[in-house]
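Side-chain atoms are counted along with the backbone in the values below, which use heavy atoms only and exclude waters and symmetry mates. Below, chain A is the first sequence line, B the second, and so on; all start at residue 1.
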Number of protein chains: 2
Amino acid sequence: MNWEQGWYPSGQKAEQLMADLGGQAQASLKSGGLSRIQEKNRSLILEAALGEFSMKGFSGATVERIAADAGMSKSNLLYYFSSKEAIYNATLAHILEVWLAPLKTLNPDGEPAQELAAYIRQKIEMSARFPEASRLFANEVMQGAPQILPILQTDLKRLVAEKSQVIEDWIAAGKMRSVDPVHLIFTIWATTQHYADFSVQIKALTGKDLSDAAFQAETEAAVTTLILNGVGLSLPSEDGLAE
Amino acid sequence: MNWEQGWYPSGQKAEQLMADLGGQAQASLKSGGLSRIQEKNRSLILEAALGEFSMKGFSGATVERIAADAGMSKSNLLYYFSSKEAIYNATLAHILEVWLAPLKTLNPDGEPAQELAAYIRQKIEMSARFPEASRLFANEVMQGAPQILPILQTDLKRLVAEKSQVIEDWIAAGKMRSVDPVHLIFTIWATTQHYADFSVQIKALTGKDLSDAAFQAETEAAVTTLILNGVGLSLPSEDGLAE
DNA sequence: GAGGGATTTGACCAAATGGTCAAGATGCAA
DNA sequence: TTGCATCTTGACCATTTGGTCAAATCCCTC
């Protein structure tokens, strides 16, 4: 599979990618489950792989280093995952679900201001807690999404369409200013993920990043205010006074 | 220089990085200038390198491929640039100047709405015309900015501080809502660059990207409106009616 | 505690890749 | 044209790296 030269996925969908994760190393254990050792080692590997892939990208990461980080030999790692690409896919699948989860919670029956604020809060929380996941995802997409393009085109597209409709409905109901829902979603993604992906730059310029709780709160407030105002909304402040 | 393992820059500043670009391959030509052949080949190499580095990242790009894209042998390329790292640095320096230029045009004496709108327009224009530059920059920063961290900490920090002051002054003059200028700048960077860096995802979801003139216009309008409203401003619409 | 599958590893291999070098080709000034 | 510096390249080298394999060790069941 000619990865380096620009390999393109063969039509696999989210379910299949996810399945990679749960599948045993090589059809072991008569029962379908994973042994305790397998469970532990796979988890160690995925954690180490996330660190390496997010920091160096696919090409820059080495199997040897991932193995060392996971506390085992390269050979042993390749006993659990058949190739570097398999580790990468498993890592990607592992984070994708949790990464896209917040958008799913956008509730059509809620109030736009509350719902959008909650979404932004969750996304910033994700950027603060899982910056590596954000960078891995960014890396994958920037390289042309060779692995997850089909997922973007199907599952994510469906999700975005669904939530765009929610926003359209809010607009139609006169609950918020008329904006293109897709651009609104892109803006929220861009701003919130920026604080994870560019944390080094942010730290170079401000001296802080999202690992600082105060900075996280400040960021959340700034981004939330800006975007809510941007779509003609505002959040009731804590002491009950409109801003 | 142990790049792969996380090489960190030795305190070079923008001027030095820039100098790399203009310096001759190996102290040729009695006069300081570059020969016509040198000029042409360096330019071809930098163009090819931008394409490769932005698409594959530093590790993923190969000298051989860059040379092929530039229409010459690997050996010849290494006659003009002493190492892969040197090509990378030259490429980075080459784009950095133009990439940061728009912010410098923010005029303290202008009106906030006009000035910010113009800045956003320029940034989106950059993302549309030079998406590779955006991706190269994003890649570099995401990997920890090993080459340009000193520039971020000095030149860029100074520039951001200066322009933050401009925004503070606008706020103090009652010309716009009180916002944290740094977060505003980050938001503008994040949103505008997102359309370049994540163009594959955007195309997967919308069917278009900034290479489509109509989509570019639509994006510019959406982002400008959202951010200006976000800071309590609005642009007089073309037909003279307030929106 | 014996047997057998599961786990682990070091030795090894082939391909890719950054870089060197000497030799040849080309352009240019006198 | 001649001579010299510039330019170009193929052959070659050392290292890195993804992946294989057979042998050992561990773990669990009977």
Side-chain angles (χ1 to χ4, degrees), chain A residues 1-7 23-45 48-49 52-53 56-91, chain B residues 1-7 23-45 48-49 52-53 56-91:
Chain A
M1 214 171 281
N2 197 346
W3 175 287
E4 296 296 339
Q5 296 267 348
W7 175 83
Q24 297 96 296
Q26 28 210 274
S28 56
L29 278 262
K30 293 110 193 173
S31 63
L34 297 174
S35 76
R36 230 178 18 262
I37 293 178
Q38 281 178 355
E39 199 87 48
K40 189 194 67 178
N41 281 342
R42 285 195 165 245
S43 158
L44 285 173
I45 291 169
E52 285 298 309
F53 284 132
K56 314 280 191 73
F58 178 82
S59 308
T62 74
V63 177
E64 178 110 39
R65 250 191 111 69
I66 295 172
D69 287 3
M72 69 187 67
S73 68
K74 184 177 66 164
S75 305
N76 201 22
L77 184 150
L78 286 165
Y79 169 73
Y80 288 99
F81 292 91
S82 58
S83 69
K84 185 184 184 184
E85 190 184 327
I87 312 169
Y88 181 73
N89 280 335
T91 310
Chain B
M1 212 170 281
N2 197 345
W3 175 287
E4 296 294 341
Q5 296 269 344
W7 174 83
Q24 299 95 296
Q26 27 211 282
S28 56
L29 278 257
K30 293 109 195 174
S31 64
L34 298 174
S35 76
R36 230 178 19 260
I37 293 178
Q38 282 177 356
E39 199 87 49
K40 190 195 66 177
N41 282 341
R42 286 194 164 248
S43 158
L44 285 173
I45 291 170
E52 285 298 309
F53 284 132
K56 314 280 191 77
F58 178 82
S59 307
T62 75
V63 178
E64 178 110 40
R65 251 191 111 68
I66 295 172
D69 287 4
M72 68 186 67
S73 68
K74 184 176 64 164
S75 307
N76 202 22
L77 184 150
L78 286 165
Y79 169 75
Y80 288 99
F81 292 92
S82 58
S83 69
K84 185 184 182 182
E85 190 183 327
I87 312 170
Y88 181 72
N89 281 335
T91 310

OP1, OP2 of D:dC7 versus side-chain N and O of B:Tyr79: anything below 4.0 Å? yes
Any side-chain N or O of B:Arg36 below 4.0 angstrom from OP1/OP2 of D:dT6?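 B:Arg36 to D:dT6 OP1/OP2: no side-chain N or O under 4.0 Å.
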With sugar-phosphate meaning primed atoms plus P, OP1 and OP2, does A:Ala61 contact a base, only sugar-phosphate, or nothing at under 4.0 Å between heavy atoms? sugar-phosphate
Under 4.0 Å, heavy atoms only, any strand: does B:Ser75 hit a base, just the sugar-phosphate, or nothing?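 B:Ser75: base contact, heavy atoms under 4.0 Å.
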Taking the six-membered ring for Trp, are A:Phe58 and A:Phe53 parallel (under 30°), tilted (30 to 60°) or perpendicular (over 60°)?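 Parallel.
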Given atom [atom1] of [X] and atom [atom2] of [N], what is their separation to the nearest angstrom?
X       : N      : atom1 : atom2 : result
B:Leu78 : D:dC13 : CG    : C1'   : 14 Å
B:Leu77 : C:dG19 : CG    : P     : 10 Å
A:Asn76 : D:dG19 : CG    : P     : 16 Å
A:Ile37 : D:dT25 : CD1   : P     : 17 Å
A:Phe81 : C:dT8  : CZ    : P     : 13 Å
B:Leu44 : D:dT8  : CG    : P     : 10 Å
B:Met72 : D:dT8  : CE    : C1'   : 10 Å
B:Glu39 : D:dC7  : CD    : P     : 11 Å

Please check: side-chain N/O of A:Ser43 versus main-chain N/O of A:Glu39, any donor-acceptor pairing under 3.5 Å?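 Here the side-chain-to-backbone pair does not exist.
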Of A:Asn41 and B:Glu64, the one whose nearest nucleotide on DNA chain C sits closer to the 5' end is A:Asn41
Step by step, would you call A:Ile66 with A:Val63 a side-chain contact (heavy atoms from CB on, under 4.5 Å)? CA-CA 5 Å; A:Ile66 295 172; A:Val63 177; 5.6 Å; no
As a quick check of understanding, evaluate side-chain contact (heavy atoms from CB on, under 4.5 Å) for A:Thr62 and A:Lys74, giving each step before the final call. CA-CA 10 Å; A:Thr62 74; A:Lys74 184 177 66 164; over 6 Å; no
Under 3.5 Å, is there an N or O donor on one side and an acceptor on the other linking the side chain of A:Lys74 and the base of D:dG19?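 Under the 3.5 Å cut-off, the side chain and the base do form a donor-acceptor pair.
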Nearest 0.5 Å, please: how far is CD1 in B:Ile45 from NZ in B:Lys40?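 Spacing of NZ (B:Lys40) from CD1 (B:Ile45) equals 10.5 Å.
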Nearest-nucleotide pick for A:Gln38, side chain only, options being D:dC7, C:dT7, D:dG19: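 Of D:dC7, C:dT7, D:dG19, C:dT7 is nearest to the side chain of A:Gln38.
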Ranking A:Ser82 and A:Thr62 by the position along DNA chain D of their nearest nucleotide, the one closer to 5' is A:Thr62
